[in-house]
J.: 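Can you read through this structure? Questions will come right after.
Chain letters run A, B, ... following the sequence lines, proteins first and then strands; every chain starts at 1.
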2 protein chains.
Amino acid sequence: MKKDSRLSGVLHVLLHMAEQDGPLTSEALARVMGTNPVVIRRVLSGLRQKGYVRSEKGHGGGWTLACDLSRITLRDIYIALGSPGLLAMGNRTESPGCLVEVVVNAALSQAFQDAEALLLHRFGDVTLASLSADFHRRLVAVGKVRVK
Amino acid sequence: MKKDSRLSGVLHVLLHMAEQDGPLTSEALARVMGTNPVVIRRVLSGLRQKGYVRSEKGHGGGWTLACDLSRITLRDIYIALGSPGLLAMGNRTESPGCLVEVVVNAALSQAFQDAEALLLHRFGDVTLASLSADFHRRLVAVGKVRVK
DNA sequence: GATTATGTAACAATATATGTTGCATGAAAA
DNA sequence: TTTTCATGCAACATATATTGTTACATAATC
């Protein structure tokens, strides 16, 4: 299956919103990400429910950040997306009728769980503010002022 | 995407082969796994190329183990399957044209790489022999002699 | 009221794993 | 030698999930 890039995409969008004073429309964000406005609305809808972003209709509407970037981690964003599956592999069946499969499941499940835990832990360690800070650090390093 | 269960399945098959003296046909293995014989041939073909199993045609033919179980790890099997992708998530683009995306990619890629490395490391720590030993340990514990 | 924007449903496109059918090939048995 | 049994492999079908697109309703501003 194709790899899920929603987390990557939504982080991209959020950082762009952080650089903007006013609201950004789905269309503007879609242009930045090279995708469709509906895709933007789709991935941001989960974040809106959590109160991380706000959306306004009509003239001058669009999306704005509604949270303290230093209090939101990648893990929070990941959960707001619906906690999509992290691993591309899994056990053939979770209720094995055969002792051989019990053994195989046990060996693999432990590795799978540890890998997932590691990912979530890493996500929990990174705040949106730290990403934004990294961005500005690199911006200065390159000597540019404008974002793409 | 549906989760890849080839590693789980092929391990199941290999342990069954380890319990058998003579060769096992694709059809017999398919019955054990509740799948199609062609699927068995497909997943085992990579292992045959690596010399982990052998296949014989005609009467009395089928699949047999062709390696020392204590020298083959789950990682070897995983590689023989073609090293399928481990993670269900990825970066939206690997060649970002935007500094924001560079920052996002950097943050995510590190976590992704570490999770993959952890999985491969775990796989490398487990031999087929240890799985087989675990199976026999449990077999005794349950007081059974026959495998499913 | 016209314009601009989101909200959402429905559908198409894409990718991947998995399952299935059909036929060729080779080995053993009759 | 013919039949049977088994793998090898290509081709197609199925299922699932992400992503992209179209269409229309809804709400807010001009």
J.: Let me know the distance between NZ of A:Lys3 and P of D:dT19, rounded to the nearest Å.
T.: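 Answer to the nearest Å: 12 Å.
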
J.: Walk along nucleotides 20-30 of chain C from 5' to 3' and tag each nucleotide B, S or - by protein heavy-atom contact under 4.0 Å, base first, then sugar-phosphate.
T.: BB---BBBBS-

J.: Report yes or no: do A:Leu44 and A:Val38 belong to one cluster of Ile/Leu/Val/Met/Phe/Trp/Tyr joined by side chain heavy-atom distances under 4.5 Å?
T.: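 They do not share one cluster, since no chain of ILVMFWY contacts under 4.5 Å joins A:Leu44 to A:Val38.
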
J.: What integer distance in Å separates B:Met89:CE from D:dA17:C1'?
T.: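 Value for this atom pair: 14 Å.
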
J.: Just to verify, what does B:Arg42 make a salt bridge (Lys or Arg N to Asp or Glu O under 4.0 Å) with, not counting sequence neighbours?
T.: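 With sequence neighbours excluded, B:Arg42 shows a salt bridge (Lys or Arg N to Asp or Glu O under 4.0 Å) to no residue whatsoever.
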
J.: Let me know the distance between CZ of B:Arg92 and C1' of C:dA15, rounded to the nearest Å.
T.: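 The answer, rounded to whole Å, is 15 Å.
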
J.: Just to verify, what does B:Glu27 make a salt bridge (Lys or Arg N to Asp or Glu O under 4.0 Å) with, not counting sequence neighbours?
T.: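 Result, salt bridge (Lys or Arg N to Asp or Glu O under 4.0 Å) vs B:Glu27: B:Arg31.
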
J.: Between C:dT6 and A:Ser26, is there an OP1 or OP2 to side-chain N/O distance shorter than 4.0 Å?
T.: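 Checking A:Ser26 against C:dT6: at least one side-chain N or O falls below 4.0 Å of OP1 or OP2.
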
J.: In residues 72-85 of chain B, which residues come under 4.0 Å of DNA chain D by heavy atom?
T.: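 Listed by number, there are none.
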
J.: Whole-Å distance between D:dT19 C1' and A:Leu44 CG?
T.: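 From A:Leu44 CG to D:dT19 C1': 15 Å.
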
J.: Within the pair A:Ser55 and C:dA5, is there a side-chain N or O less than 4.0 Å away from OP1 or OP2?
T.: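 No.
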
J.: Check every strand shown and say whether B:Ser5 touches a base, only sugar-phosphate, or nothing at a heavy-atom separation below 4.0 Å.
T.: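 B:Ser5: backbone/sugar contact only, no base atoms under 4.0 Å.
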
J.: Can you tell me the distance, in whole Å, between the NZ atom of A:Lys2 and the C1' atom of D:dA17?
T.: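 Going from A:Lys2 (NZ) to D:dA17 (C1'), I get 11 Å.
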
J.: Using the side-chain heavy atoms of B:Arg48, tell me which of these nucleotides is nearest: C:dA5, D:dG8, D:dT19.
T.: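 Looking only at side-chain atoms, B:Arg48 lies closest to D:dG8.
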
J.: Go through the steps for A:Glu101 and B:His16 under the test side-chain hydrogen bond (donor to acceptor under 3.5 Å, both in side chains), then give the verdict.
T.: CA-CA 10 Å; A:Glu101 196 146 38; B:His16 271 283; over 6 Å; no

J.: Kindly state each residue pair satisfying side chain to side chain donor-acceptor pair (under 3.5 Å) with at least one member in residues 114-123 of chain B, sequence neighbours excluded.
T.: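 Every pair satisfying side chain to side chain donor-acceptor pair (under 3.5 Å) with a residue in residues 114-123 of chain B: A:Asp114-B:Arg122, A:Arg122-B:Asp114, B:Gln110-B:Asp114.
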
J.: Check the distance between C:dT18's P and B:Leu7's CG and give it to me in whole angstrom.
T.: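 Taking atom P of C:dT18 as the reference, CG of B:Leu7 is at 11 Å.
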
J.: Got a sec: does the CD of B:Gln49 have more than 12 other heavy atoms crowding it under 6.0 Å?
T.: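 Not more than 12 within 6.0 Å, no.
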
J.: Under the salt bridge (Lys or Arg N to Asp or Glu O under 4.0 Å) rule, collect the residues that match up with A:Arg75, sequence neighbours excluded.
T.: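 Salt bridge (Lys or Arg N to Asp or Glu O under 4.0 Å) check on A:Arg75 returns nothing, list empty.
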
J.: Just checking B:Arg54: base, sugar-phosphate only, or nothing, at a heavy-atom cut-off of under 4.0 Å?
T.: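 Answer is nothing: B:Arg54 stays at 4.0 Å or more from every strand.
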
J.: For the residue pair B:Phe123 and B:Tyr78, categorise the inter-ring angle as parallel (less than 30°), tilted (30 to 60°) or perpendicular (more than 60°).
T.: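 Ring orientation of B:Phe123 relative to B:Tyr78: tilted.
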
J.: Rounded to whole Å, how long is the line connecting atom CG of B:Leu29 with atom P of D:dC5?
T.: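 Going from CG in B:Leu29 over to P in D:dC5 covers 18 Å.
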
J.: Find the distance A:Ile40:CD1 to C:dG7:C1' and express it as a whole number of Å.
T.: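 Taking CD1 of A:Ile40 and C1' of C:dG7, I get 15 Å after rounding.
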
J.: If Ile, Leu, Val, Met, Phe, Trp and Tyr residues are connected whenever their side-chain heavy atoms lie under 4.5 Å apart, and connections chain through other members, are A:Leu108 and B:Leu118 in the same group?
T.: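 No, it is not one cluster - the side chains of A:Leu108 and B:Leu118 are not joined through contacts under 4.5 Å.
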
